[in-house]
Amino acid sequence: MTERVYRITLIEGDGIGHEVIPAARRVLEATGLTFEFIEAEAGWETFQKYGTSVPEETVEKVLAADATLFGAATSPTQKVPGFFGAIRYLRKRLDLYANVRPAKYHPVPGAVEGTDLVVVRENTEGLYVEQERLYARGRVAIADRVITYEASYRIAEYALRLAEKRRGRLALVHKANVLPMSDGLFLEAAYDAAKRHPTVEVYEVIVDACAMRLVRNPKDFDVLVMENLFGDILSDLTAGLVGGLGIAPSGNIGERAAIFEPVHGSAPDIAGKGVANPTATILSAAMMLDHLGETEMARKIERAVDIALEQGPRTPDLGGHATTEEFADAVIRALVETGTK
Ligand code: NAI
Ligand code: MG
């Protein structure tokens, strides 16, 4: 039998991207699966070199790969002519409509035990159409919030399929009591999609109540689906439930490409010191393997991360003194012990 070769594009980006991506690559190499890694550039350093934060070659490499692992990209605080955020551009350009953000308990300080949920955020519309206007000589500002049946249906469909693979529960998060037309349409599309998934228990939660219930009882939730801004806010909340930025992985998934990335940014305050926590990126790599159908190996990596977090040494953000490399070594040791391919 010929072995499957996975083509993975790696984009380090900026800052600690240069540290966490090589660490995650070493973990992938230790699995015993066969990878062909393709390196690509994006972000602020890339903009300074080529005048664009995402060269066409990078888009091609993402399209040519089975999946892409992305580190983080810096956005300058001042507006720079011609600059655009790399990950936002790739989401839009490649129609990566599903932003998938799991929040699962790992043994780190402050994490709520038993939490195991996934926020599925619609990634292409809502307020992120970025249509704003000023009126009344600058005293009134209006932003458009776009909800379409098609985009709502396809994100609900994605979330329903995910719920089927998990514990079979899907929360439709909305504010249709105040926004009956737009969020009403979102709900209508979601219920239409749900007709084809009768085994999933679908229920509604109003977004503000959802925030409270997530804090008080995260174990109530399995999969949650929502429009763009609600997902942006609640997924940071759920990252907080499991120990924060150093831990939280994510995926941006479309029909033509999939990009997995830690939720955190380029962390300029610690970049170059070799102490960034690679956990979120390693867990993003595990999510990527899940997406590629390597479910068992994905679980093995997650378990290895837990063992490394329990036994230490941890990175400084978690109160330890390990370097990025030392922590990745601990994950690899645990992975090899649990038996790789
Ligand atoms: P950040 O996530 O880079 O950092 C926030 C704080 O968390 C910092 O103190 C940092 O040291 C710490 N931190 C983050 N990741 C860590 C890790 N893996 N290990 C240990 N500590 C970690 O967010 P910030 O400071 O708001 O943004 C910095 C830059 O990153 C900005 O240019 C921003 O635009 C960009 N950014 C990029 C994102 C992406 O590429 N998807 C997401 C968020 C921010
Ligand atoms: Mg955010």
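Start at 1 and go down the list; that is how both ligands and their atoms are numbered. Note: hydrogens, waters and symmetry copies are ignored here, and every other heavy atom, side chains too, is used. Owing to the predicted nature of the structure, the values given are computational and were not obtained by experimental measurement.
Nearest heavy-atom pair across Thr324 and Ala23 is CG2-CB, 4.0 Å.
Of the protein's heavy atoms, Ile16 CD1, 3.9 Å lies nearest to atom 16 (C) of ligand 1. Looking only at protein heavy atoms, the nearest one to atom 35 (C) of ligand 1 is Ala73 O, 3.3 Å. Nearest protein heavy-atom contact of atom 12 (C) of ligand 1 is Ala267 CB, 4.5 Å. Counting only heavy atoms of the protein, atom 32 (O) of ligand 1 lies nearest to Ser75 N, 2.9 Å. Summary of contacts: the protein heavy atom closest to atom 38 (C) of ligand 1 is Gly265 CA, 3.6 Å.
Distance check for atom 40 (O) of ligand 1: a protein heavy atom is found below 4.0 Å. Counting only heavy atoms, the protein never gets under 4.0 Å from atom 25 (O) of ligand 1. Distances from atom 8 (C) of ligand 1 to the protein include at least one heavy-atom value under 4.0 Å. Less than 4.0 angstrom separates atom 21 (N) of ligand 1 from at least one non-hydrogen atom of the protein.
At a heavy-atom distance under 4.0 Å, atoms from both the backbone and the side chain of Asn277 approach ligand 1. Contacts of Thr315 with ligand 1, taken as heavy-atom pairs under 4.0 Å, are absent altogether. Proximity of Asp269 to ligand 1, defined as any heavy-atom pair under 4.0 Å, is confined to the side chain (atoms from C-beta onward). In Pro268, the part holding a heavy atom less than 4.0 Å from any atom of ligand 1 is the side chain.
Here side-chain hydrogen bond (donor to acceptor under 3.5 Å, both in side chains) pairs that include residues 279-288, with residues two or more places apart or in two chains, are Asn277-Thr279. A ring pair (Phe, Tyr, Trp, His ring centres under 6.0 Å) check over residues 266-293, counting only residues at least two apart or in different chains, returns the pairs Phe260-His291.
For the pair His264 and ligand 1, the shortest N or O to N or O distance falls below 3.5 Å.
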Worked check of salt bridge (Lys or Arg N to Asp or Glu O under 4.0 Å) between Lys175 and Asp183
CA-CA 6 Å; Lys175 192 78 188 178; Asp183 278 11; over 6 Å; no

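The cationic atom of Arg121 (NZ for Lys, CZ for Arg) lies less than 6.0 Å from the six-membered ring centre of Tyr128 and within 45° of the ring axis.
Residue Thr77 places every heavy atom at 4.0 Å or more from ligand 1.
In this structure, a donor-acceptor pair under 3.5 Å is absent between the side chains of Ser152 and Glu150. Judged purely by distance below 3.5 Å, without hydrogens or angles, the side chains of Arg145 and Ser182 pair a donor atom with an acceptor atom.
Taking the charged nitrogens against the carboxylate oxygens, Glu56 and Lys61 have no contact shorter than 4.0 Å, which rules out a salt bridge.
The 12-atom threshold is not exceeded at CZ of Arg216, counting heavy atoms of other residues, nucleotides or ligands nearer than 6.0 Å.
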